[in-house]
Number of protein chains: 2
Amino acid sequence: MTKPQHLDSTEESKSKKSKSERTAERLYEISIQQFLRRGFDETTMRDLAQAADLSPGAFYYHFPSKEAVIQRFYERTFQQFAEAAREAMSAHTRFEARFISLLEARLATFHESRELLIVLSRAAVDPRSTLSPFGPEQKLIREATIDLMRECIDGSDLSAHKKLETYLPELLWMYMMGMIFYWVFDKSPAQKQTHELIRLLTPQIIRLIRFSRIPLTGRVLQPILQVLQLVIPEPLAARRDSPKRNSRV
Amino acid sequence: MTKPQHLDSTEESKSKKSKSERTAERLYEISIQQFLRRGFDETTMRDLAQAADLSPGAFYYHFPSKEAVIQRFYERTFQQFAEAAREAMSAHTRFEARFISLLEARLATFHESRELLIVLSRAAVDPRSTLSPFGPEQKLIREATIDLMRECIDGSDLSAHKKLETYLPELLWMYMMGMIFYWVFDKSPAQKQTHELIRLLTPQIIRLIRFSRIPLTGRVLQPILQVLQLVIPEPLAARRDSPKRNSRV
DNA sequence: AGAATTATTTGAACACGTTTAAAAATCGTG
DNA sequence: CACGATTTTTAAACGTGTTCAAATAATTCT
């Protein structure tokens, strides 16, 4: 009955892994391979089991559902993305360049498996799904991603109004989610339209953020902060400052 | 093999309707009743057939799928919404009041069947779904709704930059879709949070629109117009002006 | 009215994701 | 090594949305 669980599967020498973990890994690789070849919906559990010389039941011993494979995929590509983003960001100090390179790193990491993301997008919409980026199951990845946004800000020349700054990592995260979403369903060749959108829209968003610092904007800023407070009641930054709070999100 | 189809089911005296149309209507009513009682996912095709004293196959003769029932539901509530919105709007000339009352009319019309909208929201995310508000199947309702936005603007005091004005109906439509979406999954009691969001955010959006008219804003507006042009290549207003264009959207 | 055509209904079957009880393989320990 | 406990695998089944060929009811035509 012991289900193997770990997000931090970066180390551990090969031989040490339990048999269960090794077959889970094998099933994962075969599954992704099949998904990419035939598409997620088109690939049957029976297909997967057969491709792995196992029974469907055995598959379910290792993964609680077909979608659970996507969860592992999402964790893996997140690791790659985080590395690539840090690497790409390190070359710049201007926020715009840093953030755009982060966004592009995200899309690049997803590039070969865009089809798979349709499943994630479908799930994204229903907060009850275990794959929903807003749900508790994705808390680790979500918060790690938001932290990455903070890194992107901290190493840059960006400055904003203090109160807005608190919400900035979450805001950038949402912005990125929106761009990923647009990209997944972007039918233009090589998803050119999304890249164009990022190129055009991002500087304007940044301009607005910078704008928040000049004093006269109180009348504009205050209602926006109210909205943010409503939509993001517990920003990560605030939670970090006062870890007393009950952090079930 | 003749499948009955009509969006404009407002008139036609009872007796005139074909038998097919009458049983389809009966199936629809029974289905919605069951969906509301037990939930969409929880209600089985066999449940529906049994409740209507029919076989599952007969159900599929009248509706191509379980989701197709939602399509009819969506059409019906759209009619109600359009009436309620026109009624509510007629009381105001200030754009803010007009638009907010339109939004509230939309939520009010959906109020009793919020659960059902989860299905629509799920489908909304996948542009390939027949229920996607962006797909060709929803073209009629989508364009009728966008026209309603234009009515909301036209009868009001709102004025914006000429070029922005072209995109305004589509923009308001997207804004409303976003609010509906937020509302569907809003877990706060009586969806208070969504109403609060509408109350806070809408005036700010309107302020931005009004802002576009003052001349100095060229540097801000121009990139935004570029983005709009990218995301909404063929705004409805423009299509109305030059009906030559091939209008497969 | 009777025959031919068409519209509607049936009930069994399909394919899918998933569950489950039991069998088989593996492991830990005397 | 052997034996009991645990982990892994199996094959059959469940419940789902949906399809389909055949049967029945309704309608149209002569």
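The analysis underlying the following values was restricted to heavy atoms, covering all of them including side chains, and did not include hydrogens, waters or symmetry mates. Every chain is numbered from 1 and lettered A, B, ... according to where its sequence line falls, protein lines coming before strand lines. Computed from a predicted model, the values in this text were never measured in an experiment.
Contact annotation: A:H62 reaches the phosphate of D:dT9 (side-chain N/O to OP1 or OP2, under 4.0 Å). Contact check, A:Y61 against D:dT9: no side-chain N or O comes under 4.0 Å of OP1 or OP2. The side chain of A:S20 places an N or O atom within less than 4.0 Å of a non-bridging phosphate oxygen (OP1 or OP2) of D:dT8.
Note on A:R76 versus A:E83: no salt bridge recorded, every NZ/NE/NH1/NH2 to OD/OE distance being 4.0 Å or above. The pair A:R122-A:D41 meets the salt-bridge criterion, since a charged nitrogen lies less than 4.0 angstrom from a carboxylate oxygen. A salt bridge is defined here as a Lys NZ or Arg NE, NH1 or NH2 lying under 4.0 Å from an Asp or Glu carboxylate O, and A:E137 with A:R128 fails to meet this definition. A salt bridge between A:E196 and A:R199 is present, with a side-chain N of the basic residue lying under 4.0 Å from a carboxylate O of the acidic one.
Between B:D53 atom CG and C:dT8 atom P the separation is 18 Å, expressed in whole Å. Rounded to whole angstrom, the span from the CZ atom of B:R22 across to the P atom of D:dA26 amounts to 11 Å. Spacing between atom CG of A:L48 and atom C1' of C:dA15 amounts to 15 Å, rounded to whole angstrom units. Distance, B:E42 CD to D:dG15 P: 16 Å, rounded to whole Å. Here the P atom of nucleotide C:dG11 and the CZ atom of B:F59 are 17 Å apart, to the nearest Å. Computed from coordinates, the B:L54 CG to C:dA7 C1' distance equals 14 Å when rounded to whole Å.
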Next item on the list: Do nucleotides 17-23 of chain D as a string where each nucleotide becomes B, S or -: B if the base has a protein heavy atom under 4.0 Å, S if just the sugar-phosphate does, - if no protein is that close.
Entry: BBBB---

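A side-chain donor from one of A:Q71 and A:Q138 sits under 3.5 Å from a side-chain acceptor of the other.
The ring pair (Phe, Tyr, Trp, His ring centres under 6.0 Å) test applied to B:Y28 returns no partner, not counting sequence neighbours.
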